[in-house]
Amino acid sequence: MRQIKTRFPPSPTGHLHLGGARTALFNWLFARHHQGVFVLRFEDTDRERSRPEFVDSIREALEWLGLHWDEGPYFQSQRLEIYREYARRLYEEGKAYYCACPPEELERKRKEALAAGRKPGYDGTCREKGLPPGPGRVLRLKVPPTGSTVVEDLIRGPVAFDHRELDDFILLRSDGTPTYHLAVVVDDLTMGITHVIRGDDHLSNTPKQILLYQALGAEPPRFAHVPMILGPDGQRLSKRHGARSILEYREEGYLPQALRNYLVRLGWSYGDQEIFTLEEMIERFDLSRVSRSAARFDPEKLLALNAHWLRATPLKELAEEVKPFLRRLGLPLPREDYLQAALATVQPRARTLKEAAEMLTFYLVEEVEYQPEAARKFLTPEIAPVLERLLRALEEVEFTDEALERLFRGMAEETGLKLKKIAQPVRVALTGKTVSPGLFEIMRILGRERVLRRLKRALNYLQGGAS
RNA sequence: GUCCCCGUCGUCUAGCCAGGUCCAGGACACCGGCCUUUCACGCCGGCAACGUGGGUUCAAAUCCCGCCGGGGACGCCA
């Protein structure tokens, strides 16, 4: 069998979003699974809306997701001659014809047809005129008026389209540039694409493209139309939710592995398995397990998966990943072993790298800032004697979790206070907050000096002194 | 409007092709409990779905038809 070849063909008119990323992922996985080739191609024939910065951001997003391409990127804008050549052939063989209908008139007819409840397609006015090429003229494909074309979809099975539903669509615009249909077909053909995996919004375009392959005397590739991703409200993805750029998720502290894991399970499943490493995805991915119904984007599940992969990331790696977020918070980067030790305590609590960085704050600042509510509730005069005793004891004690815990429990017993009554004020003194990682691990990591300093400051604060 | 696709817990889904083992399984979310110095993590438990009507059959989530609902396409956008 011929080597499998898939492609991802974004148009650089916007950032890579969830829908596009999943399409890219499926194509990439399919190619990898079959030891095939994955091609990146920019469909930038829309000169009005295509922008170079989107080319860059899409490339960056794909690379960040780990979806590296083996071939390309190709740019349709650099292949215009090839499309013209194929178009010329079609014209010369009488399979396409030039049309001189003015756009305004077509628009008028379209509206009329729609209003009258008819199909809005091109009516074939110029089909038999035998017009030569000329300024303002477009090239249209002669679609057979009868019969039907069947799309043998790998996911949906055979889908038949009656030719009466199709019209003589445009191949070459009046400025000589190719339209989408001509460009994809010629590209997929000349690039040797074997499998076209794309959103099912393309399903109804497929018969047109198959007809084009036939006109060119070529064998069409295999098609697989994957269900769309809808917003949480069941509507098409919009800026509000999932149409956010993949790169924005990176900024928010999501991990590529989490995005991949979330996306692969949107429309594809492997029994009850929810968690997939990259290797597992590649090994198990196949088109037969892709579902047929549209899926809604659920930000909560993405978050949960991110938390999972955050916990699964080795500390050394996690430290590297979190550093940019610490910098962004203006926090100093500590020694590597200190960072990793601190990170270990927030790892089970943070759901994103951004959250992790925020939780690390008290480990890194010189002086913590008390949350007003926390200070009011726990940094009260009654606790002063206990803090004083603690201060003395902490001068001596070994700074291990066990010794510290023994000390605190002993203190609770001596003073007749619940451990919680002592722990919370200390927690506030050390972190400024009522919520934090375990008290003893925090103390161990902060170290004797910092702990004593923060306790003294708290003591001073609660006795009414300036902090 | 026409054509096409789709329809299992709130969400993602398993099951459907090869009808009985499904009073429908898992995950996220939610609720309760355990653990516990707070919050998480972890563990235990709970809530919760076959869109609807008909048909086929001893038996239907699974097969067939209608209806309803959702989405998509119908562009000199891709």
* To do: Describe the nucleic acid contact of A/Asp162 in one word from base, sugar-phosphate, nothing, applying a heavy-atom distance below 4.0 Å.
  => nothing
* When all nucleic acid strands are considered with a 4.0 Å heavy-atom cut-off, which category describes A/Leu114: base, sugar-phosphate, or nothing? -> base
* Do A/Arg79 and A/Phe75 meet the cation-pi criteria used here (NZ or CZ under 6.0 Å from the six-membered ring centre, within 45° of the axis)? -> no
* Asked: Counting any heavy atom closer than 4.0 Å, what does A/Thr13 reach on the DNA or RNA strands: base, sugar-phosphate only, or nothing?
  -> nothing
* Mind checking A/Leu203 for me? I need base, sugar-phosphate or nothing, with any heavy atom below 4.0 Å counting as a touch. => sugar-phosphate
* To do: Answer with base, sugar-phosphate or nothing: what part of the nucleic acid does A/Ser174 contact at a heavy-atom distance below 4.0 Å?
  => base
* Asked: How about A/Pro10 and A/Leu40: do any of their side-chain heavy atoms sit closer than 4.5 Å?
  -> yes
* Look at all strands and tell whether A/Val159 reaches a base, only sugar-phosphate, or nothing, counting heavy atoms closer than 4.0 Å. => sugar-phosphate
* Asked: Between B/A59 and B/U21, how far is it from one P atom to the other, in whole Å?
  -> 14 Å
* Under a 4.0 Å N-O cut-off, is there an ion pair linking A/Glu373 with A/Lys377? -> no
* To do: Could you check if a side-chain atom of A/Gln209 sits within less than 4.5 angstrom of a side-chain atom of A/Val196, using non-hydrogen atoms only?
  => no
* **Touch class at under 4.0 angstrom, heavy-atom based, for A/Arg47 against every strand present** => nothing
* Of A/Ala350 and A/Arg427, whose nearest nucleotide on RNA chain B comes first from the 5' end? -> A/Arg427
* Asked: With a 4.0 Å cut-off on heavy atoms, is A/Arg49 in touch with a base, just the backbone sugar-phosphate, or nothing at all?
  -> base
* Asked: So what does A/Gly267 touch, heavy atoms closer than 4.0 Å: a base, only the sugar-phosphate, or nothing?
  -> sugar-phosphate
* Asked: Would A/Arg427 count as a cation-pi partner of A/Phe378, with NZ or CZ less than 6.0 Å from the six-membered ring centre and within 45° of the ring normal?
  -> no
* So, do A/Tyr180 and A/His202 have ring centers that fall under 6.0 Å from each other? -> yes
* Under 4.0 angstrom, heavy atoms only, what part of the nucleic acid is A/Phe161 near: base, sugar-phosphate, or nothing? -> sugar-phosphate
* Taking the P atom of each, how far is B/C65 from B/G7, in whole Å? -> 14 Å
* Asked: Base, sugar-phosphate, or nothing: which does A/His202 touch, judged by heavy atoms less than 4.0 Å apart?
  -> base
* Asked: On a whole-Å scale, what distance lies between the C1' atoms belonging to B/A78 and B/C68?
  -> 33 Å
* **Sugar-phosphate, base or nothing in reach of A/Ser436, heavy atoms under 4.0 Å** => base
* To do: For B/G10 and B/U52, measure between their P atoms and round to the nearest Å.
  => 13 Å
* To do: Classify the ring geometry between A/Phe285 and A/Phe26 as parallel (under 30°), tilted (30 to 60°) or perpendicular (over 60°).
  => tilted
* Asked: Going 5' to 3' along RNA chain B, which nucleotides are the first and last within contact of chain A (any atom under 4.0 Å from a heavy atom)?
  -> B/G1 to B/A78
* Classify the nucleic acid contact of A/Glu43 as base, sugar-phosphate or nothing, counting any heavy atom under 4.0 Å across all strands shown. => sugar-phosphate
* Across the strands shown, which category fits A/Pro437 at heavy-atom distances under 4.0 angstrom: base, sugar-phosphate, nothing? -> base
* Asked: Looking only at atom C1', what distance separates B/U57 and B/G19, rounded to whole Å?
  -> 9 Å
* Euclidean distance for C1', B/A49 against B/G25 (whole angstrom) -> 12 Å
* Structure fact -> Paired to B/A14 by Watson-Crick or G-U wobble criteria (both distances under 3.5 Å) is none
* **Separation of the C1' atoms in B/U8 and B/A27, to the nearest angstrom** => 15 Å
* **Between B/G70 and B/C64 - C1' atom distance, rounded Å** => 23 Å
* To do: With A/Arg140 as the cation and A/Tyr122 as the aromatic partner, state whether NZ or CZ is under 6.0 Å from the six-membered ring centre and within 45° of the axis.
  => yes
* Stepwise side-chain hydrogen bond (donor to acceptor under 3.5 Å, both in side chains) test for A/Thr125 and A/Lys109 -> CA-CA 11 Å; A/Thr125 302; A/Lys109 283 185 180 171; 3.2 Å; yes
